[in-house]
Undergrad: 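Quick one: the structure is below, and I'll ask about it shortly.
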Amino acid sequence: MRTERPELAKTYDPDEVEPRLYARSLAAHVFHEDPDPARPPFIISMPPPNITGRAHLGHASTYTTMDVETRYHRMLGENADWLPGQDHAAIATETVLIRELAKEGLTRDGLGREAFIARAWEWRELYGNSINESFQRLGFGPDWDRERFTLDPGLSAAVIKVFVALYRDGLVYRGTRLINWDPQQLSTLSDAEVESVEVDTFLWHIRYRAEDGGDGVVIATTRPETFLADVAVAVHPDDERYRDLIGKNVILPLIDRAIPVIADEAVESGFGTGAVKVTPAHDQTDYEIGQRHSLPMPTVIDYEGRIAAPIWRYENAAENRGAIDAQAQKMTKYVGLDRFEARKQIVADLRAAGALVKEEPYHTSVPTSSRSHAVIEPLLSLQWFVSMEPLAKPALEAYRSGAIRFVPERFGRTYEAGLETLRDWNISRQVWWGHQLPVWYTPSDDVVVAESEEEARKIAREQYGTDDLRRDPDTLDTWFSSGLWPFSILGWPEQTPELAHWYPNQVMITGREIIFLWVSRMVMLGLRFVGKIPFETVFIAPLVFDIHGRKMSKSLGNAIDPMEDLVPKYGADGTRFGMLRQMRLESQELHFDERFCDEARRFANKLWNALRYTVALEEGLPGAAVLPPADKLTLADRWILTELHRTVETVEKAYDGFRFGVATDALLQFGWYTFCDWYLEATKAPSQRETRAAVLSFVLNAFVRAMHPIAPFVTEEIWLTLPHDGATIVTASWPDLAEIPSFPDDAAAFDAVVKKVDELRNARAEWAIPPKDWMKVEVPASLAGESGVVEAIATLARAEIATYDGGNGALRDRIGAVRAVADTAKLRDRYQRDVARLESEVARSEKKLANEGFVAKASADVVAGERAKLDEYRRELARTRDALADLTPA
RNA sequence: GGGCGGCUAGCUCAGUGGGAGAGCGCUACAUUGACACUGUAGAGGUCACAAGUUCAAUCCUUGUGCCGCCCACCA
C-alpha cells in the first residue's frame, strides 16, 4: 500500500486524533476475540471497578498496564483478550443511592425493598457507564462485547450455586460471632474492610472495689462505656499482685453488679494496670476470653451505636443472666445515648463517684469502616460465615508449589502470610443492593438453603412439613461475587469454550492492598469450583501517591484526576506513557510527577515531526518494510538499524517482565535521541540520500509498533500515514527481530562519529564559534575515502572539512584523529587539558592493573576490559600529544 | 509488636561489584531542508550514616537514623 503525501499538521493534536482513532477501533471491533485453541491464550480479567466509581489515577495506571500487556500479546499473535466488567459494589452503591434519595426526601425503608432495587437499577443505567467512558478516553481496549456485571443473571446464578454448594459441604454456616458492625451503614463488614485509624484519646483507670470491702482492682480501658457489659476482670495467672483476688468478686461502680476476677494468659501484666475488664460482646480479645471461661455475653450497644439495656443475642451464654438483667434499672440514664456521648457521661459519673483513679492521655488506633469511615462496633450477632481453613490450604499449596507466581516476588509472602491467619469470613450484609442469600426460614426457624424458592419449598415440605417460608433479607458481601470473577466472567457454571481455553487466565493485575481481600479469594474459590488456579501470574502494580509521597485526597487538595487534569493537557498517550515511565518493578509506591506526562506529550510531537520530515522527502517512500540491500546501507543506516534491533529487544523483555519504566526509557531514548537527534540529522548529509527514505520509513514503522501498546494513538496515526500493511496497528504484528538487521561493528564505528561530533560541538561552544558559522575541521587523508562518514561529521557538527596528511589503522581510530582547527593558543589550551585528563585516566588504569590482587582475582573479562580501556586511553593520549606537538612552534 | 519499601544533582527519579546518569528547573547561545511542544553547550552530587566482606562498594552483609506503607486481639 502506497500512501499519498498528505498535508500533515505542524503540531500533533491528541485532542483531535485520539477520539477519532478510538471510535474507529470500536466500530471495527478490533478488541474483540473469540476463543481460538489454535493460538496460545493471553487473558486478563479486568478487576471490575465499582459502578459508583470515577476513574482515578490508581485506575489509570493499573489498567494501563493491563491494556499494554493485552495489546502486546495480541501483536505477538496470541489469542489475547482483556475481559471487562463492573462490580455492583453493594455497600458503596447503596450509600450513594440513599444519599441521592434523601435529596428527594425519600428513605430506603420508606420505599421498600422492591422499589429501592428498581431505583438502583435505574441509577446504574444512568451513571454506571461513566467509568467506561473514562476508560475509553484513556484508550483502553478491553473486549467491550464481553462486558459483564456482577449482578448479571449469569453471574448471579454462579454466586447462588457457589453459596449453596459451600453450605452443603459444610463450609458456609450460620452462627453467632463477634462481627464488625458499622452503626452508620447499619451493616456488618468483613475484617478486610476494617482499617485502623490512629487517634488521641485517654486510658481511663477505674477502680472496681472488692465485694468483701477490699480495694479490689484498678483496670485500664479506652472504652469505659462498655463497662456496663463487663462480666469479669482478667489478670495474668502469674501476676503476684492479683493472685489473692483470683476467684473473688469485685463490684462494678455505678451499677453495683458483682463480677469475678479470673486468670487468663491473654492478659499482659506489663500493660496498664495488668488487670483487664472483660466485655465479651464488644471486644475480640474479650470475646475469646469469654469463650474460654464460659462467661455470659450481654450486649449493651445497639445496632445504631446507642447504649441499650442488656441484650441477649441468640445462644449467648446466659448463666448469671438474672443479675445482669437486673442492672437495667440502674443504667436507665444512659440508655439511648450515643456511645461517645455515653462515654463522656460515664467518665463524669465515675469521677464523681470516686472510682476514676487516673486519666492518662493515650495514642492508639480504632477500627473504622474503609467505606463510611465510621468507628466500627464489635458486636455479637447471628450472621453467615465461610470457614476459611479448608479453602485456604489448597490456595497456599498452589502458591508454594509455584503454580501461582507473584511479580514482584515478595508479594507472594504477603499472600502467604494473609492466608495463614485468616479468620472465618462473615459474608452476610444488611444491605439490599446485592445477591440476596438463597436462605429461607420456617416459622420455627429451621434453615433451608436452596438454589431457588421452589426448591426451598420442596425441601421444607419434605424435612419440616411446611412450605411457609420467609427469605433471609440479607445480601452477600460484594467480595463473594468478585471472588468468582475469573471464571464467572467466562460463563461458569456452563462449560463454555471460553472457560475451556481462557481459564486459567494468564495474568491478574491489581494492587497490594487487596491481596487478601480479593486475590486470595479468587484462588480459593477457583480451586474449589473449577479445580484449577484462576491465573498463573499476579502482577502487583504500585500504589499511586502524590509527588511528595502523600496519599492523594480531596481534603489535602493534592488529588489528581486523570480525566480532568491529565488527559486534556497531555492526551491519553502522554498520560499513559508518563505514568508508565514512573513504574519501577521493585518500587511499591509511585510518587506521581506530572512532568513525565509533559515530556511524553512532547515526545509524541517529536515523533510526529519525524514523520513529517520522512513523508516530505522529495524522493518519496517505498512500500512497507522494504529495506535497501545491505551493501547499499550507509554506516548511519547500519547504526540506526542496530539500535532499533536492540531497542525492540529491550522493550520486548520489559513487557514480558512488567518493567514498564524500562520499556518507556528505551522507547524515549531511541525515539527522541538516537533516532531524531542523530540519525534523522545525519540523513541531511547528501551521501545518505539514496537509502534514507526507505530506512526512515522502515525504522519508524517498526518503532511505532513497539511503542503502540503504551501509546496507542500517536503510533497508529503515524503508522497509518506511513506505508503499511493492514487496516490498523492494533492488529499489526510485533516487529520481528529477525527482520531487523544488526551490524554491531559498524554501529560501533558510528558511535565513534557521535563521540567525535560531541567533541567538536563542545570545542565550538568553548571557542565561542557562532553556531551559524561553519567550524573548520581537518580529517586524516585516509578517512577521505569514507565519504559518508566525513559528510556525516560535517553535517552533524556543521563543519567545513579539510584533509591533512596522515591517519591509519581501524576506521574508529581514523575517526578519532579528526581534529578541529582553531587559533593556536585556543587549541593548545584545549589539547593540554585533554592530555592532563587522559594522563590521569591512564594513571588510574595503570595503577589498577599493577595491583596484583586485581589481576589475580578479578574476572578475566574485567581485566581484559580494563586493559582495552588503558590501551584506548594510551592511543588517544598519543594522538593528542602529537596534535599538541604539531602546534608548538618549532 | 512483626513485615515491606525508600533515602543518588534544587525537584522527581533511573542505574551499576570496576570510569556517577536522565528529565524538569537554572545559565548561555541558536531559528541550520521535521519539530521553539526545538537544538547545542554549561553549572550542579563525600550516591543518608557507620562498621564489615572484597583486589575493588553508591551497589553485597550487618547495624543506626529518617520517611512511607501493610499486617497484628496490648485493653
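Each chain gets a letter, A, B and so on, in the order the sequences are listed, and its residues count up from 1. Computed from a prediction, not measured in an experiment: that's the story for all the values here. Side chains included, hydrogens not; waters and symmetry mates left out as well; all remaining heavy atoms used.
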Undergrad: Tell me which nucleotide, if any, is Watson-Crick or G-U wobble paired with B:C26 when both distances must be under 3.5 Å.
TA: B:G42

Undergrad: When the nearest nucleotide of RNA chain B is assigned to A:E681 and to A:E513 on a heavy-atom basis, which residue is associated with the more 5' position?
TA: A:E681

Undergrad: Taking OP1 and OP2 of B:U40, is either one under 4.0 Å from a side-chain nitrogen or oxygen of A:W678?
TA: no

Undergrad: A:D861 near the nucleic acid: base, sugar-phosphate alone, or nothing, with a heavy-atom cut-off under 4.0 Å?
TA: nothing

Undergrad: In terms of side-chain heavy atoms of A:A610, which of B:C73, B:U32, B:A34 is nearest?
TA: B:A34

Undergrad: Using whole Å, report how far CD1 of A:I219 lies from P of B:A75.
TA: 13 Å

Undergrad: What I want to find out is whether A:R692 reaches A:E619 closely enough, with some N-O distance under 4.0 Å, to be called a salt bridge.
TA: yes

Undergrad: Out of B:C35, B:G33, B:A75, which has the shortest distance to the side chain of A:V276?
TA: B:A75

Undergrad: Which part of the nucleic acid, if any, lies within contact of A:T222, taking any heavy atom under 4.0 Å across all strands shown: a base, the sugar-phosphate backbone alone, or nothing?
TA: sugar-phosphate

Undergrad: I'd like a list of close polar pairs between nucleotides 54-60 of chain B and the protein, N/O only, cut-off under 3.5 Å.
TA:
from, atom 1, to, atom 2, distance (Å)
B:C55, OP1, A:K857, NZ, 2.1
B:C55, O2', A:N851, ND2, 2.9

Undergrad: Salt bridge between A:K551 and A:E589, side-chain N to carboxylate O under 4.0 Å?
TA: no

Undergrad: Side chain of A:R410, heavy atoms from C-beta onward: which of B:A41, B:C4, B:G39 has the nearest atom to it?
TA: B:C4

Undergrad: So, do A:V699 and A:N701 sit near enough that their side-chain heavy atoms are less than 4.5 Å apart?
TA: no

Undergrad: If B:C59 has a Watson-Crick or G-U wobble mate with both distances under 3.5 Å, name it; if not, just say none.
TA: none

Undergrad: Which part of the nucleic acid, if any, lies within contact of A:L680, taking any heavy atom under 4.0 Å across all strands shown: a base, the sugar-phosphate backbone alone, or nothing?
TA: base

Undergrad: Please check: side-chain N/O of A:E18 versus main-chain N/O of A:D573, any donor-acceptor pairing under 3.5 Å?
TA: yes

Undergrad: Say you pick atom P in B:A75 and the same atom in B:G15; how far apart are they, in whole Å?
TA: 41 Å

Undergrad: Please report the C-alpha distance between A:R177 and A:D424 in whole Å, then the side-chain angles of each, then the deciding distance to 0.1 Å, and finally whether the salt bridge (charged side-chain N to carboxylate O under 4.0 Å, His left out) criterion is met.
TA: CA-CA 10 Å; A:R177 299 281 182 279; A:D424 282 0; 5.8 Å; no

Undergrad: Determine: side-chain N/O of A:K551 to OP1/OP2 of B:C70, distance under 4.0 Å, yes or no.
TA: yes

Undergrad: Determine, step by step, whether A:K756 and A:E759 satisfy the salt bridge (charged side-chain N to carboxylate O under 4.0 Å, His left out) criterion, reporting the C-alpha distance in whole Å, the side-chain angles of both residues, the deciding distance to 0.1 Å, and the verdict.
TA: CA-CA 5 Å; A:K756 179 54 67 179; A:E759 182 190 316; 3.1 Å; yes

Undergrad: Report the distance from atom CZ of A:R292 to atom P of B:C73, rounded to the nearest whole Å.
TA: 14 Å

Undergrad: What does A:N762 touch in the nucleic acid at a heavy-atom separation under 4.0 angstrom: a base, only the sugar-phosphate, or nothing?
TA: sugar-phosphate

Undergrad: Whole Å only: how far is the CD1 atom of A:I540 from the P atom of B:G5?
TA: 15 Å

Undergrad: Classify the side chain of A:K606 and the base of B:C35 as holding, or not holding, a donor-acceptor pair under 3.5 Å.
TA: yes

Undergrad: Sort out the partner of B:U54 for me: Watson-Crick or G-U wobble, both distances under 3.5 Å, none otherwise.
TA: none

Undergrad: Taking 4.0 Å as the cut-off, does a side-chain nitrogen or oxygen of A:R413 come that near to OP1 or OP2 on B:C71?
TA: no

Undergrad: Rounding to an integer number of Å, can you tell me how far A:R602 CZ sits from B:G39 C1'?
TA: 13 Å

Undergrad: State whether A:K10 places a side-chain N or O below 4.0 Å from either non-bridging phosphate oxygen (OP1 or OP2) of B:C35.
TA: yes

Undergrad: Let me spell it out: for each of A:L203 and A:Y613, pick the nucleotide of RNA chain B with the closest heavy atom. Which residue's pick is nearer the 5' end?
TA: A:Y613

Undergrad: Once you apply the 3.5 Å cut-off to both distances, tell me the Watson-Crick or G-U wobble partner of B:A36, or none.
TA: none

Undergrad: Closer than 4.0 angstrom, basic N to acidic O: yes or no for A:R833 and A:E766?
TA: yes

Undergrad: Among B:A30, B:A41, B:C74, which is the nearest nucleotide to the side chain of A:E268?
TA: B:C74

Undergrad: Show, in sequence, the C-alpha distance, side-chain angles and deciding distance for A:F703 and A:F670, and conclude whether the ring-ring contact (aromatic ring centres under 6.0 Å, His included) test is met.
TA: CA-CA 9 Å; A:F703 177 75; A:F670 178 88; 5.4 Å; yes

Undergrad: Could you please name the partner base of B:C13, counting Watson-Crick and G-U wobble pairs only when both distances are under 3.5 Å?
TA: B:G21

Undergrad: Which residues in residues 587-595 of chain A have a heavy atom closer than 4.0 Å to any atom of RNA chain B?
TA: A:Q588, A:E589, A:H591, A:D593, A:R595

Undergrad: In Å and rounded to the nearest 0.5 Å, what is the CZ to CZ distance from A:R550 to A:F545?
TA: 12.0 Å

Undergrad: Scan A:D677 against the nucleic acid and name what it touches under 4.0 Å (heavy atoms): base, sugar-phosphate only, or nothing.
TA: sugar-phosphate

Undergrad: Under 4.0 Å from OP1 or OP2 of B:A75: is there any side-chain N or O of A:T364 that close?
TA: yes

Undergrad: Run the ring-ring contact (aromatic ring centres under 6.0 Å, His included) test on A:F658 and A:F539 for me, step by step, so that the C-alpha distance in whole Å, both residues' side-chain angles and the decisive distance to 0.1 Å come before the verdict.
TA: CA-CA 8 Å; A:F658 305 95; A:F539 170 57; 4.7 Å; yes

Undergrad: CH2 of A:W608 versus C1' of B:A34: gap in Å, rounded?
TA: 11 Å

Undergrad: Looking at every strand, decide which applies to A:F411 at a 4.0 Å heavy-atom threshold: base, sugar-phosphate, or nothing.
TA: nothing

Undergrad: Take the protein atom CZ of A:R584 and the nucleotide atom P of B:U12, then report the distance between them rounded to whole Å.
TA: 16 Å

Undergrad: Would you call the rings of A:F603 and A:W672 parallel, tilted or perpendicular, taking 30° and 60° as the class edges?
TA: parallel

Undergrad: Would you classify A:R659 as touching base, sugar-phosphate or nothing, given that sugar-phosphate means primed atoms plus P, OP1 and OP2, and contacts are heavy atoms under 4.0 Å?
TA: nothing

Undergrad: Taking OP1 and OP2 of B:A75, is either one under 4.0 Å from a side-chain nitrogen or oxygen of A:Y362?
TA: yes

Undergrad: Please state how far atom CG in A:D286 lies from atom P in B:A75, giving the value in whole angstrom units.
TA: 11 Å

Undergrad: Could you grab the distance from atom CG of A:L877 to atom CG of A:L870, nearest 0.5 Å is fine?
TA: 10.0 Å

Undergrad: Write down the distance separating the C1' atoms in B:A14 and B:C24, rounded off to the nearest Å.
TA: 14 Å

Undergrad: Counting only Watson-Crick pairs (N1-N3 plus N6-O4 or O6-N4) and G-U wobbles (N1-O2, O6-N3), all under 3.5 Å, who is the partner of B:C73?
TA: none

Undergrad: Identify whether any heavy atom of A:W767 sits under 4.0 Å from a base atom; if not, whether one sits that close to sugar-phosphate; answer base, sugar-phosphate or nothing.
TA: nothing

Undergrad: Which nucleotide, if any, forms a Watson-Crick or G-U wobble pair with B:U64, using both distances under 3.5 Å?
TA: B:A48

Undergrad: For the pair made of CG in A:D546 and P in B:C11, what is the distance, rounded to whole Å?
TA: 15 Å

Undergrad: Would you tell me if any nitrogen or oxygen in the side chain of A:Y673 comes within less than 4.0 Å of OP1 or OP2 on B:G23?
TA: yes

Undergrad: For a quick check of understanding: with a heavy-atom distance under 4.0 Å over all strands, which category does A:T795 fall into, base, sugar-phosphate or nothing?
TA: nothing

Undergrad: Run A:R584 and A:D665 through salt bridge (charged side-chain N to carboxylate O under 4.0 Å, His left out) and show every step you take.
TA: CA-CA 11 Å; A:R584 299 295 160 170; A:D665 282 352; 3.0 Å; yes

Undergrad: Charged N to carboxylate O under 4.0 angstrom, A:E599 versus A:R602?
TA: no

Undergrad: Could a donor-acceptor pair under 3.5 angstrom be found where the side chain of A:Q669 meets the base of B:A14?
TA: no

